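Data first, discussion second: the structure below is written as structure tokens.
Letters go in sequence order (proteins before strands), and every chain restarts at 1. On a predicted model such as this, the values are computed, not experimentally measured, just so you know.
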Number of protein chains: 2
Amino acid sequence: MEDVAKRAGVALGTVSNVINRPQKVSRSTIEKVQRAISELGFVPNRAARALAAGTSNTIGVVIADLSNSFFVDMARGAESVAAESSINVVLANTDMRRSKQASNLDLFRQERMAGILLAPLPGADSSLLTGRNGTPLVFLNDAAIEGACTVSVDNEHGGYLAATHLLAIGRRRLLFAGDPAQAVPIADRLRGVERAVREVVDASLEVIRTPEVQAENGRTLGFDIASRPTSERPDGIIAAADLLALGLVQILGSDPSIRIPEDIAITGYDNNRAAWESLVPITTIAQPGEQIGAVAMALLLEEIRDPEGHEHAHSVLEPTLVVRASTQRT
Amino acid sequence: MEDVAKRAGVALGTVSNVINRPQKVSRSTIEKVQRAISELGFVPNRAARALAAGTSNTIGVVIADLSNSFFVDMARGAESVAAESSINVVLANTDMRRSKQASNLDLFRQERMAGILLAPLPGADSSLLTGRNGTPLVFLNDAAIEGACTVSVDNEHGGYLAATHLLAIGRRRLLFAGDPAQAVPIADRLRGVERAVREVVDASLEVIRTPEVQAENGRTLGFDIASRPTSERPDGIIAAADLLALGLVQILGSDPSIRIPEDIAITGYDNNRAAWESLVPITTIAQPGEQIGAVAMALLLEEIRDPEGHEHAHSVLEPTLVVRASTQRT
DNA sequence: GAATGTAATTGAAGCGCTTCACAATATACC
DNA sequence: GGTATATTGTGAAGCGCTTCAATTACATTC
């Protein structure tokens with residue numbers, strides 16, 4: 001930077017001003033300095049800047065599992081909001097390992113990031129906030145944390161939406177597939193389903209716990225249902241996840257005695273690629289991943305700009321129903 | 001850090017030594033200093049360290065598209081190698097946008113990262129290397145670049161593997177689906193297929209260009225093939241991607257006059273989740289994503305440790321054939 | 001033309017660490 | 001005991017920037 005100053009015939013501080021506060025510098029000086037910068041191929045040193053300024057203008061996003069596109073969507077939403085304020089975003093992948101979550105958080109705090117967005121592993125609590133050196137932190141996809149902003153999705157409402165949709169198209173013998181004890185969001189979804197069922201007099205609900213929510217589990221359950229006498233089959237199935245629904249559709253759809261959706265209508269959850277690539281496209285509940293990221297970033301920027309006046313908010317976003325052929329012929 | 005030194009009753013430099021070169025410090029001093037560190041909740045400032053030391057110990061990975069699990073695998077492989085040398089890894093998502101690729105590279109160079117791993121957008125060239133301030137850079141999944149290390153996969157061999165497999169199970173009327181003009185890797189795969197076909201006297205090859213390689217295109221092509229007279233149908237199909245193969249399997253598999261794999265065997269490419277979640281699991285060519293990341297990180301670390309003696313390497317990894325039910329009954 | 005105000009520029013003082021020449025202390029050997 | 005050799009510990013210099021009080025240049029106004 002000194003070389004740039006010398007070459008442009010100005011002082012060190014002026015170069016800094018050209019870079020950070022151009023409105024404070026005269027037009028002609030800006031040009032001189034910028035010419036010198038490009039002639040010298042000057043690359044500013046952010047480490048020095050972060051040190052001198054006490055904070056960087058980069059925000060770190062720690063993601064529980066990058067192989068899950070839901071989280072990638074959040075990152076994308078966060079980035080688009082950050083870009084508007086020309087703030088940089090870097091990511092770190094927790095890869096479902098608790099130790100990496102901790103080390104990634106440490107890393108970003110040590111780098112004196114302007115702020116951190118964290119999509120935590122299940123079971124996050126406010127202990128993740130301790131040890132922080134004042135770096136603002138917003139939680140993604142987790143509502144149950146005090147002492148910080150959180151942005152999450154209303155899973156109970158998602159379950160309610162799915163069930164209401166099935167009830168609306170005349171289904172009365174509903175089946176929920178997925179283990180509510182396995183994950184809090186699944187339990188929430190089930191509660192929403194139960195609420196919807198309670199609202200309709202002659203509707204019934206059966207719950208079948210699957211060990212996981214993969215396609216394989218859906219197929220197993222599919223064979224089970226196909227082997228039942230017709231009268232004991234459900235006429236509407238709410239799967240706790242799209243892959244589970246996919247497995248169900250694969251098996252039930254290839255049974256000649258069962259028509260989808262006439263005999264059995266099926267809904268998934270998440271709006272995975274699996275849902276729309278299926279031979280029978282699957283009705284699903286779409287989670288607003290990008291929106292989560294965008295809202296969280298907005299909250300974080302607000303906290304960064306006004307750390308004193310900031311009050312922690314808990315934003316809950318609504319999922320939406322995406323109707324496809326697995327519940328409704330087009 | 002000064003406070004830590006004071007509290008531990010040692011000099012500033014000693015605290016630094018405890019953190020960076022504990023072997024130079026006596027056992028008792030280490031303990032004193034560490035106690036002070038934890039009592040004071042001291043969080044080292046990496047910005048200052050990077051400035052003073054002239055380089056950080058974190059490596060930046062710029063990924064063309066994080067929603068593609070192939071790239072996420074690379075990141076994972078890179079991280080696991082970096083972790084062995086306790087080097088940190090942060091990611092940036094290009095999200096298929098050229099401008100973001102440039103800005104992410106800038107960012108990492110300005111941060112004075114120890115090195116950069118870049119999975120570039122199609123059409124990368126060595127211009128991405130100019131303007132770099134000596135930051136070592138290794139290209140992922142791209143072979144055609146001079147002046148830097150590259151790690152890529154042998155797509156020609158992948159195509160050869162797929163075709164050889166079909167020929168080995170007795171198929172002679174092969175069909176390649178996918179547009180070689182659309183992407184260089186697809187053209188490479190086709191070349192491999194052609195080579196394999198040339199090696200077998202009575203084998204023939206038909207090429208059908210699909211606009212894209214999505215499931216939808218596979219379905220369209222599937223209907224086309226199903227409508228042909230039996231004698232004009234291929235008995236082996238090599239799809240340029242798994243989703244394309246999935247679409248084919250969905251349509252051909254539900255046609256009562258066609259059995260998979262007896263009448264038509266189908267291979268995909270990439271080993272996507274789509275391939276193994278299919279009702280008929282799809283034979284595919286697996287790309288060693290994690291290995292690409294691991295090898296690239298190893299090369300990068302080598303270059304960082306010995307910038308002078310380093311010679312750029314072009315590592316080409318081999319894909320592997322994964323046989324599933326779409327070509328072979330189990 | 002002097003007084004006043006505003007805009008542009010300067011340069012020195014740090015930011016929190018690493019590094020390194022040097023000093024202090026301990027250990028080994030003759 | 002004295003000298004050489006490790007082993008530890010010290011603290012000042014400086015990494016490349018931001019910031020800000022102080023200075024200078026230039027326009028207005030009366």
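In the set D/dG11, C/dC17, C/dT10, the nucleotide with an atom closest to the side chain of B/A48 is C/dC17. The side chain of A/V25 sits closest to C/dT9 out of D/dC17, C/dT9, D/dG11. Of the candidate nucleotides C/dT19, D/dC17, D/dT10, D/dT10 has the atom nearest to the side chain of B/A11.
Within the 4.0 angstrom heavy-atom criterion, only backbone atoms of the sugar-phosphate kind lie near A/V10; the bases stay farther away. Among the heavy atoms of the strands lying under 4.0 Å from A/G13 is at least one base atom, whether or not backbone atoms are also near.
As rounded to whole Å, 11 Å separates atom P of D/dT18 from atom CG of A/N57. Look at CE on B/M1: it is 11 Å from C1' on D/dG11, rounded to the nearest Å. Here D/dC17 presents its C1' atom at 14 Å from CD of B/E111, a figure rounded to the nearest Å. Protein atom NZ of A/K6 is 14 Å distant from nucleotide atom P of C/dT10, rounded to whole Å. Rounded to an integer number of Å, the gap from B/R49 CZ to D/dC15 P is 19 Å. Atom NZ in A/K24 sits roughly 12 Å away from atom P in D/dT19 (whole-Å rounding). Atom CG of A/N17 and atom C1' of C/dT10 are 10 Å apart (whole Å). What separates CD of B/Q110 from C1' of D/dC17 is a distance of 13 Å, to the nearest Å.
A/T29 has a side-chain polar atom (N or O) that falls below the 4.0 Å cut-off from OP1 or OP2 of C/dT9. At the phosphate of C/dT10, OP1 or OP2 sits under 4.0 Å from a side-chain N or O atom of A/T14. For C/dT18, the OP1/OP2 oxygens have a side-chain nitrogen or oxygen of B/N20 closer than 4.0 Å. Note on A/S16: a side-chain N or O is less than 4.0 Å away from OP1 or OP2 of D/dT18. Close to D/dT19, at under 4.0 Å from its OP1 or OP2, lies a side-chain N or O of A/R21.
Between A/K6 and A/E2 there is a salt bridge, with a side-chain nitrogen of the basic residue lying less than 4.0 Å from a carboxylate oxygen of the acidic one. Classification of B/D73 and B/R76 as a salt-bridged pair holds, one side-chain N sitting under 4.0 Å from a carboxylate O.
When atom types are taken as modelled, the side chain of B/N155 and the backbone of B/D188 share no donor-acceptor pair closer than 3.5 angstrom. No donor-acceptor pair under 3.5 Å is formed between the side chain of B/N104 and the backbone N or O of B/V62.
Where B/S26 and A/A50 each meet DNA chain D at their nearest nucleotide, the meeting point lying more 5' is that of B/S26.
With no hydrogens or angles considered, a side-chain donor-acceptor pair links A/R305 and A/S85 at under 3.5 Å.
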